[in-house]
Amino acid sequence: MPQGGVHMAAEKRERYEESELYRIRHSAAHVMAQAVMEMFPGQAKIAIGPPIEDGFYYDFDLPRPLTPEDLEVIERRMREIISGHHSYERAVLTADEAREMFADQPYKIELIEGLEEGGTDEYGEPIEGPVEISIYTQDTFTDLCRGPHVEDTNKINPDAVKLLNVAGAYWRGDERRPMLQRIYGTAWKLADELEQYLWRLEEAQRRDHRRLGKELDLYSISDAVGPGLILWHPKGGMVRKIAEDYCRAQHLEGGYEFVYSPHIGKANLWEKSGHLDWYQEGMFAPLDIEGQQYYLKPMNCPFHVEIYKSRTRSYRDLPLRYAEWGTVYRYERSGVLHGLLRVRGFTQDDAHLFCRPDQMPEEIDGALQFSLNILRAFGFEDFQAYLSTRNPEKFAGEPEEWEAPTEALRESLERAKLPYQVDEGQAVFYGPKIDIKLKDALNREWQLATIQFDFILPERLDVTYVGEDGKEHRPYMIHRALLGSMERFMGALIEHHAGAFPVWLSPVQAVLIPIADRHIEYANSVGDQLKKAGLRVEVDARGERMNAKIRDAQLQKVPYMLVIGDRELEDGAVSVRLRSGEDLGAMPIDDFLNRAEEDVQARR
RNA sequence: GCCGACGUAGCUCAAUGGCAGAGCAACCGCCUUGUAAGUGGUAGGUUACGGGUUCGACUCCCGUCGUCGGCUCCA
């Protein structure tokens, strides 16, 4: 929740915290808390219940787990309370008065202590300025709350409120504290807006990459193999291959060289690199090979460093840019795995840049621009940039050493005129970084590109170059991945295009649909002709009706459907239908080819 | 990892303690079709896995694995 402000971002939105919708949702949360209190008289312990994007939640400590039926009961009761037209009354108390009032509410007591002593808010974050302890009362329910609220429950539209689900949540977000039950709800001004929101949720599910991955036969995850380990099917494999081929070509143009490295390395390597000190919990258990311990690699950097160190490097060799589609394995706790977006084995489009200190700004700028260009080529426009700073509990080196590199990244962001936010304490152990994140269909943010400044590993692994002065110098190192991991990127790509990949990426670009068996031979010859021209086509020669074939191609989101019947056979043509439903009518094969090639060239 | 829900045919889902089923997909036919599902038949199951209760378990109980929604984490 607490994050640095957006830098250079346009101030286009009204501040949510000051909107009426915010107050409606906040007030709805209080109504919900009242309903839950009534359901468990004297037993319900209440925690906090803020508005969130699109809704609100409230956390409770209850004598038993809530069921979906409970939610219906609570929701019904909420409507009754809302219809009772109760006003929200604010009052200010002293800490002692508040303690007395909430004597049987331990979580509230803890909040009161925080307000009184430390000036910390409900998330445990420090508050600036003097703190007032305020309460809000509606009907029979009083909550410790800083507000604001609507004046009266009649400002809440009972037909625009809905409870969505129950989930566990730690008190104060701390996994050592009790697990509470969180009820999520949504509230709007108009019933229509609620409808639209629920429709949006359904729409999001329809473009969920896990669902599309199955429907479009792109990938699977097999219990027999293991959770978080992806099996790419031919169609998904084709999309991935095209994406990789494109990126490889771009890398060659961008002055990168390709290297390859193994999947495991000796324990000693990971000790020297610092991974076993800082990152062991993210690594799989070691393998014992002839008495030597080996680890599956969670990152590629130590290997690339070894390649660099395989001979003496001159200042004239720099910068060196080593790129590898490197498959890494990271232990992720079972509860966090999520389709393609959070996995245990993935392939990074990784690269390590070694440069002289004076080359650093240019290299960062280059990597940042490269990253933006590539993401745009795949159709992504709406991404968020973050600058992650030193994690005070997990960093190598000295705090002062982090200042200049962090500034270097910040300056590069400013030069790129890219709006960004500061992610305090989110850096990697070896240096600050710039991340580029995208939102998935369900509005969750995922990191794709990352550009990481590293001034630690070169030292730990004793990386040097010989300078003009004939002496050894320490190079700087940048770790960067543009798409991040191919798995996550593919997940994002699927959701971004809702499975309807641009023509250049579509695994099957055209399906030829012969109307009757007598058209199959011609369809095959047209198919061969298109394949020769470099298109990915299939001939649907099943004994189905044309309508069924169109429907299937449509559901597979194939860009072009080429219908072939007597007329086309006669004229040496194809009838082109687009997946938008548009019927372009019959055209000579060459005309279709030109159109398709244009679409591919334009990466449409 | 934690809290909760869930796990039945390739997929989507029925069967609330008494004979494991449907649609789609697959396979074999028939139909030869003009822009989103033609039609008949056949086959398909250790009900995730292991244990328990019961005359009898898909169904109830316990454990394991996995999935989903959150939380924590996310180099």
Side-chain angles (χ1 to χ4, degrees), chain A residues 57 59 61-62 64-68 70 164-184 205 208 210-211 214-215 217 220-224 226-228 273-275 278-283 298-299 301 328 330-339 341-343 348 388 391 394-396 426-431 433 435 437 442 444-447 450 452 454 479 481 488 513-520 542-556 561-568 575-579 581-586:
Chain A
Y57 68 79
D59 287 346
D61 193 344
L62 302 173
R64 65 168 174 84
L66 290 167
T67 65
D70 291 331
L164 299 173
N165 56 324
V166 192
Y170 298 109
W171 168 234
R172 294 206 141 171
D174 185 338
E175 64 181 328
R176 293 161 303 193
R177 308 294 306 267
M179 175 69 70
L180 308 174
Q181 296 190 66
R182 173 172 296 177
I183 304 177
Y184 283 97
Q205 278 169 18
D208 189 311
R210 292 166 298 181
R211 176 178 175 150
K214 203 178 281 180
E215 287 172 3
D217 197 16
S220 63
I221 300 171
S222 162
D223 284 357
S273 68
H275 285 86
W278 302 103
Y279 193 61
Q280 188 162 25
E281 68 213 32
M283 295 168 72
M299 298 189 200
C301 24
V328 298
R330 299 181 181 181
Y331 167 69
E332 299 283 2
R333 300 212 268 181
S334 56
V336 307
L337 299 173
H338 184 88
L341 298 178
R342 190 84 180 268
V343 295
Q348 294 179 305
S388 291
N391 178 341
K394 228 175 159 182
F395 69 98
Q426 293 303 299
V428 205
F429 71 86
Y430 47 69
K433 59 175 181 162
D435 288 332
K437 303 185 189 183
L442 298 172
R444 289 177 291 210
E445 236 182 24
W446 298 91
Q447 177 194 313
T450 185
Q452 309 177 342
D454 186 348
H479 310 235
R488 181 174 284 184
I513 299 177
I515 290 175
D517 288 351
R518 64 178 175 278
H519 310 124
I520 290 177
R542 293 176 303 165
E544 291 287 349
R545 286 178 125 75
M546 175 203 66
N547 276 324
K549 295 178 184 180
I550 286 180
R551 180 184 148 85
D552 289 342
Q554 198 71 50
L555 290 174
Q556 286 297 304
M561 284 151 268
L562 308 178
V563 176
I564 287 172
D566 290 333
R567 298 198 293 268
E568 289 75 14
S575 274
V576 182
R577 178 194 162 106
L578 305 180
R579 61 189 160 189
E582 194 184 347
D583 184 354
L584 301 185

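Just so it is clear, the values below take in all heavy atoms, side chains as well, and ignore hydrogens, waters and symmetry mates. Just so it is clear: chains get the letters A, B, ... in the order the sequence lines come, proteins before strands, and each one is counted from 1. Note that the structure is predicted; figures quoted are calculated from it, not measured.
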Assign [X] to base, sugar-phosphate, or nothing according to its heavy-atom contacts below 4.0 angstrom with the strands shown.
X: A/Met561; answer: nothing
X: A/Gln348; answer: nothing
X: A/Arg333; answer: base
X: A/Arg567; answer: base
X: A/Gly173; answer: sugar-phosphate
X: A/Asp552; answer: nothing
X: A/Tyr170; answer: base
X: A/Thr450; answer: nothing
X: A/Gly581; answer: nothing

Keeping the roles fixed (side chain from [X], backbone from [Y]), state whether a donor-acceptor pair exists under 3.5 Å.
X: A/Gln426; Y: A/Asn391; value: no
X: A/Arg330; Y: A/Pro298; value: yes
X: A/Ser220; Y: A/Ser222; value: no
X: A/Gln554; Y: A/Lys549; value: no
X: A/Gln452; Y: A/Val428; value: no

Separation of the [atom1] atoms in [N] and [M], to the nearest angstrom:
N: B/C58; M: B/G40; atom1: P; value: 33 Å
N: B/U16; M: B/G50; atom1: P; value: 24 Å
N: B/A14; M: B/G23; atom1: P; value: 16 Å
N: B/U47; M: B/C13; atom1: C1'; value: 14 Å
N: B/U72; M: B/G17; atom1: C1'; value: 41 Å
N: B/A26; M: B/C62; atom1: P; value: 42 Å
N: B/C61; M: B/C73; atom1: C1'; value: 34 Å
N: B/G45; M: B/U8; atom1: C1'; value: 8 Å

Between [options], which nucleotide gets closest to the side-chain atoms of [X]?
X: A/Ala548; options: B/C11, B/G38, B/U35; result: B/G38
X: A/Met546; options: B/U72, B/A36, B/U33; result: B/U33
X: A/Leu555; options: B/U33, B/A36, B/C73; result: B/A36
X: A/Pro227; options: B/U67, B/C74, B/G38; result: B/U67
X: A/Ala516; options: B/U35, B/C2, B/U33; result: B/U33
X: A/Arg545; options: B/U35, B/C71, B/U33; result: B/U33
X: A/Pro65; options: B/U35, B/C2, B/G4; result: B/G4
X: A/Arg542; options: B/G34, B/C71, B/A26; result: B/A26
X: A/Lys214; options: B/U32, B/C11, B/U72; result: B/C11

What is the distance, rounded to the nearest whole Å, between atom [atom1] of [X] and atom [atom2] of [N]?
X: A/Asn547; N: B/U33; atom1: CG; atom2: P; value: 13 Å
X: A/Lys394; N: B/C73; atom1: NZ; atom2: P; value: 11 Å
X: A/Leu337; N: B/G70; atom1: CG; atom2: C1'; value: 15 Å
X: A/His519; N: B/G34; atom1: NE2; atom2: P; value: 10 Å
X: A/Ile513; N: B/U32; atom1: CD1; atom2: C1'; value: 16 Å
X: A/Asp517; N: B/G29; atom1: CG; atom2: P; value: 13 Å
X: A/Tyr57; N: B/G69; atom1: OH; atom2: C1'; value: 16 Å
X: A/Ile550; N: B/G38; atom1: CD1; atom2: P; value: 12 Å

On RNA chain B, compare the nucleotides closest to A/Gly339 and A/Asp583; which residue's is nearer the 5' end?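 Nearer the 5' end of the strand: A/Asp583.
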For A/Gln426 and for A/Asp223, locate the closest nucleotide of RNA chain B by heavy-atom distance; then report the residue assigned to the nucleotide nearer the 5' terminus.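 With A/Gln426 and A/Asp223 compared, the 5'-side residue is A/Asp223.
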Which nucleotide, if any, forms a Watson-Crick or G-U wobble pair with [N], using both distances under 3.5 Å?
N: B/C71; answer: B/G1
N: B/A26; answer: B/U42
N: B/U32; answer: none
N: B/A48; answer: B/U64
N: B/A57; answer: none
N: B/A9; answer: none

Any chance you could measure [X], atom [atom1], to [Y], atom [atom2], to the nearest 0.5 Å?
X: A/Lys214; Y: A/Ile221; atom1: NZ; atom2: CD1; answer: 9.5 Å
X: A/Thr450; Y: A/Lys433; atom1: OG1; atom2: NZ; answer: 4.5 Å
X: A/Met561; Y: A/Arg551; atom1: CE; atom2: CZ; answer: 12.5 Å
X: A/Tyr170; Y: A/Leu180; atom1: OH; atom2: CG; answer: 11.0 Å

Tell me whether the side-chain N/O atoms of [X] come closer than 4.0 Å to OP1 or OP2 in [N].
X: A/Arg210; N: B/C68; answer: yes
X: A/Arg577; N: B/A36; answer: yes
X: A/Lys549; N: B/U33; answer: no
X: A/Arg488; N: B/C74; answer: no
X: A/Tyr184; N: B/C71; answer: yes

I'd like to check A/Gln447 versus A/Arg488 (side-chain heavy atoms, cut-off strictly below 4.5 Å). Are they in contact?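 They are in side-chain contact.
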Under 3.5 Å donor-acceptor pair, A/Gln181 side-chain atoms to B/G70 base atoms: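 Such a pair does not exist between side chain and base.
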